[in-house]
Student: 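Please see the structure below; I have some questions.
Keep in mind that the numbers below use all heavy atoms, side chains included, and drop hydrogens, waters and symmetry copies. In this chain, numbering begins with 1 at the start of the sequence shown.
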Amino acid sequence: MARLAQTAGLTDIQQEILSTVRDFVDKEILPVATELEHRDEYPQQIVDGLKELGLFGLMIPEEYGGLGESLLTYALCVEEIARGWMSVSGIINTHFIVAYMLKQHGTQEQKDHFLPRMATGDVRGAFSMSEPGLGSDVSAITSKAVRDGDEYVLTGQKMWLTNGGTSSLVAVLVRSDEGHSAAETAAAPHKSMTTFLVAKEPGFGEVRPGLTIPGKIEKMGYKGVDTTELIMDGLRVPADRVLGGVTGRGFYQMMDGVEVGRVNVAARGCGVARRAFELGIAYAQQRHTFGKPIAHHQAIQFKLAEMATKVEAAHAMMVNAARKKDSGERNDLEAGMAKYLAAEYCKEVVEDSFRIHGGYGFSKEYEIERLYREAPMLLIGEGTAEIQKMIIGRRLLEEYRFQG
């Protein structure tokens, strides 16, 4: 086993799960990832294999048919999967966030209805916050829900849904000013937001009355997984599909989901960086210049040393953030730091590996070309570096408040 990115203190069960996932990645994902990615083909056979392994229910409690594992176990599995192909980890991530939000905030009826089928992967989740003119300003959401008897009528356009087409359950954040005056909404816009659990048929076009999923958004990287818009035009949702049964709590529910999602994105960065390092150090020992492998040149050794150190540092911060959340403590500081560092280091490690490959790194025949296009997504997913720095800075000021 490679020395980098090892995690101390794992149980026998955690080690067994990771070993199983690692073998699956080596045998079922790595041999086909680049070919599928170049075709932008959904990896159905890989997804079916993950369902058989029970990974869609990894963190869902055993009482609902899941494995009841920790965030740490999940993050380490994501790291392994992203090492094989980052898009596959994205297919699992949004599902996991919706399942987590249901587990933490759903009513008992909502948990009983959705979680058992989510554990098997028969119901697949996606979540939706962003809008075309929104960016990172979640308070500027314009999609809205209006009460009409025992239903709500939803209208608006959402963007950047991972699994938008293949999912059958979407957690959608919209504005619902029910119970709030205009002045209250203007002063505290977050308190007027509600998360709705919207069931739909997988596919594209009008997937239920009032709900349309246009075709996939074409992307530079992160291919295979479907990224879409979501258009609501008179979409009727029963009142019992308000997450938690009470309006006005959506923003906080979503932020809780995004917080664990940031640990997941950090894990993806760790996995992609580790794969880039593996490719770089292997190629450096095979490629010869001036009569010897380029790995024997000091300049390349320095680069490999820097890459390995970044892989190790990002992994350690990701593990720390996951363990903090598992302990029941607030982890927004640690999750923000882990996501920020892992994403930045991933970009740098991938670029260094690309440089080691020289001209061949620019060829689609080499795997590093795919990683070079995938890494930038981590810089913006679940909040840009600038957003993470804002979160980190505010939390530090809370922790180190000057007592003058």
Side-chain angles (χ1 to χ4, degrees), residues 2 4-5 18-53 55-56 58 74-96 121 124 162-163 165-166 216-227 264-283 286 307 311 315 342-343 346-347 349-354 356-357 360-379 381:
L4 292 182
L18 283 175
S19 177
T20 300
V21 172
R22 191 177 299 117
D23 288 344
F24 182 84
V25 168
D26 288 340
K27 295 175 183 177
E28 305 296 333
I29 298 182
L30 278 172
V32 300
T34 297
E35 180 182 352
L36 292 175
E37 197 272 348
H38 286 168
R39 295 204 302 260
D40 197 9
E41 181 177 328
Y42 186 79
Q44 186 61 58
Q45 188 171 341
I46 293 173
V47 170
D48 291 341
L50 294 175
K51 287 173 65 175
E52 291 180 14
L53 292 178
L55 288 191
F56 283 96
L58 191 60
Y74 180 81
L76 294 174
C77 288
V78 166
E79 181 181 23
E80 291 294 339
I81 293 169
R83 172 181 157 267
W85 185 12
M86 191 179 74
S87 293
V88 178
S89 66
I91 290 170
I92 296 176
N93 181 43
T94 50
H95 174 87
F96 152 71
R124 302 262 295 286
T162 300
N163 292 334
T166 49
K216 295 194 300 184
I217 297 171
E218 295 295 326
K219 300 164 295 190
M220 174 177 73
Y222 198 40
K223 294 179 179 289
V225 59
D226 47 296
T227 305
N264 177 288
V265 173
R268 285 198 246 179
C270 292
V272 174
R274 182 146 58 94
R275 183 57 180 167
F277 172 78
E278 291 171 355
L279 294 172
I281 198 168
Y283 184 82
Q286 299 165 25
M307 292 162 66
V311 167
H315 176 84
C346 175
K347 178 202 68 165
V349 171
V350 167
E351 183 170 329
D352 280 343
S353 183
F354 177 84
I356 288 171
H357 280 75
Y360 288 106
F362 208 62
S363 167
K364 286 197 170 186
E365 294 182 19
Y366 282 74
E367 188 179 340
I368 190 62
E369 179 270 343
R370 169 171 63 84
L371 271 58
Y372 194 79
R373 287 183 290 103
E374 289 178 339
M377 197 283 291
L378 297 171
L379 299 173

Student: For a quick test of reading the model, state the closest non-hydrogen atom pair linking A342 to A266 and the distance between them.
Tutor: CB-O, 3.5 Å
Student: Using a strict cut-off of less than 4.0 Å between a Lys/Arg side-chain nitrogen and an Asp/Glu carboxylate oxygen, indicate whether K219 and E374 qualify as a salt bridge.
Tutor: no
Student: Just how far is it from atom CG of D226 to atom OG1 of T166, taken to the nearest 0.5 Å?
Tutor: 3.5 Å
Student: What residues, two or more places apart in sequence or in another chain, satisfy side-chain hydrogen bond (donor to acceptor under 3.5 Å, both in side chains) together with E367?
Tutor: R275, R370
Student: Distance from F56 atom CZ to R124 atom CZ, nearest 0.5 Å?
Tutor: 4.5 Å
Student: Is there side-chain contact between W85 and L36, with heavy atoms separated by less than 4.5 Å?
Tutor: yes
Student: To the nearest 0.5 Å, what is the distance between NZ on K347 and CG on D352?
Tutor: 10.5 Å
Student: List in chain and number order the residues that pass side-chain hydrogen bond (donor to acceptor under 3.5 Å, both in side chains) with Y283, two or more places apart in sequence or in another chain; answer none if no residue qualifies.
Tutor: none
Student: Quick one: does F24's side chain get under 4.5 Å of I81's, heavy atoms only?
Tutor: no
Student: Looking at every heavy atom in both G84 and A33, which two are closest together, and how far apart are they?
Tutor: O-CB, 3.7 Å
Student: Could you pull out the closest heavy-atom pair between Y42 and I91, with the gap in Å?
Tutor: CE1-CD1, 3.7 Å
Student: Parallel, tilted or perpendicular: which fits the ring planes of Y360 and Y366, with parallel below 30° and perpendicular above 60°?
Tutor: tilted
Student: With sequence neighbours left out, what residues match H315 under side-chain hydrogen bond (donor to acceptor under 3.5 Å, both in side chains)?
Tutor: T7, E79
Student: With a 4.5 Å limit on heavy-atom distance, are the side chains of L371 and S353 in contact?
Tutor: no
Student: Are any non-hydrogen side-chain atoms of D26 and R83 less than 4.5 angstrom apart?
Tutor: yes
Student: If you round to the nearest 0.5 Å, how far is CD of E28 from CD of Q45?
Tutor: 6.5 Å
Student: Quick one: pull up CD1 in I92 and CG in L50 and give me the separation to the nearest 0.5 Å.
Tutor: 4.5 Å
Student: Name all residues meeting the side-chain contact (heavy atoms from CB on, under 4.5 Å) criterion together with A82; count only those two or more places apart in sequence or in a different chain, and write none if there are none.
Tutor: S89, R268, V272
Student: Can you tell me how far apart SG (C346) and CZ (R274) are? Round to the nearest 0.5 Å.
Tutor: 12.0 Å
Student: Tell me, which pairs form a salt bridge (charged side-chain N to carboxylate O under 4.0 Å, His left out) where one or both residues lie in residues 36-46, sequence neighbours left out?
Tutor: E35-R39, E37-R373, R39-E41, D40-K216
Student: Can you sort out the partners of L4 under side-chain contact (heavy atoms from CB on, under 4.5 Å), two or more places apart, ordered by chain and number?
Tutor: F277, A308, V311, E312
Student: Closest approach of V78 and A267, non-hydrogen atoms and distance?
Tutor: CG1-CB, 3.9 Å
Student: List the atom of A375, the atom of V350, and the distance in Å for their closest heavy-atom pair.
Tutor: CB-CG2, 4.2 Å
Student: Considering all heavy atoms of both residues, which atom of A276 and which atom of I368 are nearest to each other, and what is their separation?
Tutor: CB-CD1, 4.2 Å
Student: Under 4.5 Å between any side-chain heavy atoms of V21 and L55, yes or no?
Tutor: yes
